[in-house]
Amino acid sequence: MSAKKQLSVSAIRNGTVIDHIPATSLFNVISILNLEDIDSQITFGTNLESKKFGKKAIIKVSEVFFSDKDINKIALVAPQAKLSIIRDYEVMEKHSITIPDSISGIVKCVNPQCITNHENVPTRFAVVSKHPVKLKCHYCEKITDEKHLVML
Amino acid sequence: MSSLQNKSLVSINDYTPEELIQILDIAESFEKKMPAGLLEDKVISTLFYEPSTRTRLSFESAVNRLGGHIVGFSEAANSSVTKGETLKDTVLTVSNYSDLIVIRHPVEGSARYASEIAPVPVVNAGDGANQHPTQTLLDLYSIRKTQGTLDGLNIFMVGDLKYGRTVHSLLIALSEFNTTFNFISPEELRVPEGYKLILEKKGLKYYEHTDFTEIISRADIVYMTRVQRERFSDPLEYEKVKNIYILRKSMLENTKENMRILHPLPRVNEIDTSVDSSPKAYYFQQALNGVYVRQAIIASILGLV
Ligand SMILES: [Zn+2]
């Protein structure tokens, strides 16, 4: 099994592996981590079989180690994701992901009447519930819930 | 030095219960003896992006009676806003001319945003369906003044409890004072779950009803709001309930001596004019209280009390 996986997404020497991303969230994760602005080698695999949730995606980024703050941002779209730090082909650390207490500039406010949807004002939310995710807008004070999460 | 100095008032949640009381106490002292000239060398700007004549006149009267000066506009149509100026640019410009900004804007969160970019403090005079904290403070003032206390009262809220901004803010503010709530509304316009959860968390009692004729005798305060036809998905539903949420003089017969009727105004027909002559009708005095409360807020923020 694991040999087969190695074939579909090649191993990295040093860097970060983010596994167990729901396949539908792959592009959200890419944009949240700003991977398009990273120069180092990145491999993606998607629509891989997963016992847990049908199709999953995996991202391997060489020579990059994300801060906890960055990693926790992806909790909104891939709360089950697992993170491994790789050094010399060995998994050195494994992290699970926790949703932070506040979110800035990743999610759109659900309220069309909100100032953040009218003027160039970055969004800010307090996380009032983590399971399920409920975000309270710092500006209009309305709740954006999991069903209405739209990434900016 | 007051803890409120230089602190914008955007949402009723910005003030602690102690700070709410502090404002009420200052307003009370202003009502007894108004310190004419207190705002003599102060300029207050009023940016009204949508018409709200009563709120604007109340603020302007509050400032004028303390000898302060007003600059601003009452309709965005007549200002540079129509030429496409952003809220940010307007706020930054106006900050140069004034010591404090009062803003009313239909976009929700606009006052919070203004308070973050303006170098001078900002008072929210209503941001869409979101917040209108000076209304809430004048409601609290009216309740305390008529009941002698804010603690342990039985508050009846009647009408549109789903969309009513004033109802929600007042509910939050009163939840700090051991209040018992009776919510009287059509099924479609009940208090949103989130607010009930807050009351439950604080261990407060609340009861929901669809009619109040039988129970009004228990009320200390009856806070009336309008039930609007547009709020109903089924017009027939509106026709069925429209007369239930109208307060008539005959309903006041067995009410408590101390009971008072409040309404954020303007009223349409939800309080029958026959009620106006009752000593329990308090909605016009309530509006006057808004002047003292707004004076107290401005004076506290400018560090003058
Ligand atoms: Zn918002």
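Bear in mind the structure is a predicted one, so any value in this text is a computation, not a measurement. These numbers come from the heavy atoms of this one structure, side chains and all, not from hydrogens, waters or symmetry mates.
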Pull every donor-acceptor pair under 3.5 angstrom between chain A and chain B and give the atom names with distances.
from: A:Asn111; atom 1: ND2; to: B:Glu108; atom 2: OE1; distance (Å): 2.6
from: A:Gln113; atom 1: O; to: B:Glu108; atom 2: N; distance (Å): 2.8
from: A:Ile115; atom 1: N; to: B:Glu108; atom 2: O; distance (Å): 2.8
from: A:Glu119; atom 1: OE1; to: B:Leu87; atom 2: N; distance (Å): 3.2
from: A:Glu119; atom 1: OE1; to: B:Lys88; atom 2: N; distance (Å): 3.2
from: A:Glu119; atom 1: OE2; to: B:Leu87; atom 2: N; distance (Å): 2.8
from: A:Arg124; atom 1: NH1; to: B:Glu116; atom 2: OE2; distance (Å): 3.4
from: A:His138; atom 1: NE2; to: B:Glu116; atom 2: OE2; distance (Å): 2.4
from: A:Tyr139; atom 1: OH; to: B:Glu116; atom 2: OE1; distance (Å): 2.6
from: A:Glu141; atom 1: OE1; to: B:Gln131; atom 2: NE2; distance (Å): 3.2
from: A:Glu141; atom 1: OE2; to: B:Ser11; atom 2: OG; distance (Å): 3.2
from: A:Lys142; atom 1: NZ; to: B:Glu108; atom 2: OE1; distance (Å): 3.4

Quiz item: Of the non-hydrogen atoms in B:Leu87 and A:Ile115, which two are nearest, and what is the gap between them?
Solution: CD2-CD1, 3.8 Å
Self-check item: Pairs touching residues 35-46 of chain A that satisfy salt bridge (charged side-chain N to carboxylate O under 4.0 Å, His left out), sequence neighbours left out
Solution: none
Quiz item: Using non-hydrogen atoms and a limit below 4.5 Å, what part of residues 21-32 of chain A faces chain B?
Solution: none
Quiz item: Is there any salt bridge (charged side-chain N to carboxylate O under 4.0 Å, His left out) pair reaching into residues 85-98 of chain A, and which pairs are they, with sequence neighbours excluded?
Solution: A:Arg13-A:Asp88
